[in-house]
Amino acid sequence: MKKLMISALLAVATIPAMAQDAKAEAAPAEAGKCAVTIAGDDAMKFDIKEFSINQTECAEFTVTLKHVGKLPAAAMGHNVVIVKKADLEAAAKDGIAAGAAKQYVKENDERVIAHTKLIGGGEEDSITFKTEGLEAGTEYTFFCSFPGHFAVMKGAITVSK
Ligand code: ZN
């Protein structure tokens, strides 16, 4: 019995060290992480201006959007829509025309590579998409298609092989 207790104590004592080791080993993989998290707020801003996708490292890529504000989706909705930079204005315009019921994304829009749901304060949504259809070297953009937001809520995506 006593022996059991000692080994249990030892196990507890070694947990922090083991957790640290695991973290250190995970660090190099972070660089090639096939995911990005973007935060949007009540001030109509995204917290990042760019991210990159490497098609060799990432067959799939995940974009997570977190709305860190408090306002509801009807007043300060955010989504993340990914298109070629050249398609930004036309896709944004068609998204606004599609209206709130379509979450400001035109249905079956071939220009839209991926998009999250439109969310309000405190909500979160993720989308995972295949990267094989992307063209390395072409400029891509992520933006929020809520009316009036894309002029400021946008950023660049660099695609490489
Ligand atoms: Zn927005």
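- Going from atom OG1 of T138 over to atom CD1 of I157 covers 12.0 Å, rounded to the nearest 0.5 Å.
- Panel note: side chain D125, backbone N79; no donor-acceptor pair is recorded below 3.5 Å.
- Taken together through direct or relayed side-chain contacts under 4.5 Å among Ile, Leu, Val, Met, Phe, Trp and Tyr, L118 and F150 form parts of separate hydrophobic clusters.
- Rounded to the nearest 0.5 Å, atoms CG (L65) and NZ (K117) are 11.0 Å apart.
- A donor-acceptor pair is defined here as one N or O able to donate and one able to accept, closer than 3.5 Å; no such pair exists between the side chain of T116 and the backbone of I127.
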Assess whether side-chain contact (heavy atoms from CB on, under 4.5 Å) is satisfied between M76 and H149, documenting all intermediate values. CA-CA 9 Å; M76 184 54 73; H149 289 197; 3.5 Å; yes
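- Residues K106 and V112 are not in side-chain contact: their nearest non-hydrogen atoms beyond the backbone lie 4.5 Å or more apart.
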Please determine whether side-chain contact (heavy atoms from CB on, under 4.5 Å) holds for the pair D94 and R111, giving the CA-CA distance in whole Å, both sets of side-chain angles, and the decisive distance to 0.1 Å. CA-CA 11 Å; D94 288 350; R111 294 165 300 194; 2.6 Å; yes
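- Atoms CE and CE, on M153 and M44 in that order, are 7.5 Å from each other to the nearest 0.5 Å.
- I113 and F143 are not part of a single hydrophobic cluster, where members link through side-chain heavy atoms under 4.5 Å apart.
- In this structure the side chain of F129 reaches within 4.5 angstrom of the side chain of I82, judged on heavy atoms.
- V159 and I48 fall within a single hydrophobic cluster, where Ile, Leu, Val, Met, Phe, Trp and Tyr side chains are chained together by heavy-atom contacts under 4.5 Å.
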I'd like to know whether T64 forms a side-chain contact (heavy atoms from CB on, under 4.5 Å) with E124, so could you lay out the CA-CA distance, the side-chain angles of the two residues, the decisive distance to 0.1 Å, and finally the verdict. CA-CA 7 Å; T64 299; E124 180 178 330; 3.6 Å; yes
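- Using bins of under 30°, 30° to 60° and over 60° for the plane-to-plane angle, the ring pair Y104/F146 lands in the perpendicular bin.
- Scanning both residues, S145 and I96, for their nearest heavy atoms gives O-CG1, 4.0 Å.
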Can you check side-chain contact (heavy atoms from CB on, under 4.5 Å) on D42 and H67, steps first, answer last? CA-CA 8 Å; D42 285 344; H67 193 317; 3.3 Å; yes
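- Interatomic distance, K33 NZ to E57 CD, rounded to the nearest 0.5 Å: 13.0 Å.
- Under the 4.5 Å side-chain contact rule for hydrophobic residues, Y140 and I38 share a cluster.
- Linking ILVMFWY residues whenever their side-chain heavy atoms come closer than 4.5 Å, directly or via other members, places I119 and F142 in the same cluster.
- The distance from the CG atom of L134 to the CD1 atom of I53 is 5.5 Å, given to the nearest 0.5 Å.
- Shown here is E50, whose CD atom has no more than 12 heavy atoms of other residues, nucleotides or ligands within 6.0 Å.
- For the salt bridge (charged side-chain N to carboxylate O under 4.0 Å, His left out) test, residues two or more places apart in sequence or in another chain that qualify with E60 are K130.
- Nearest heavy atoms, S126 versus T62: CB-CG2, 4.3 Å.
- A distance below 6.0 Å separates the ring centres of F61 and F51.
- Rounding to the nearest 0.5 angstrom, the gap separating the NZ atom in K102 from the CD atom in E107 is 3.5 Å.
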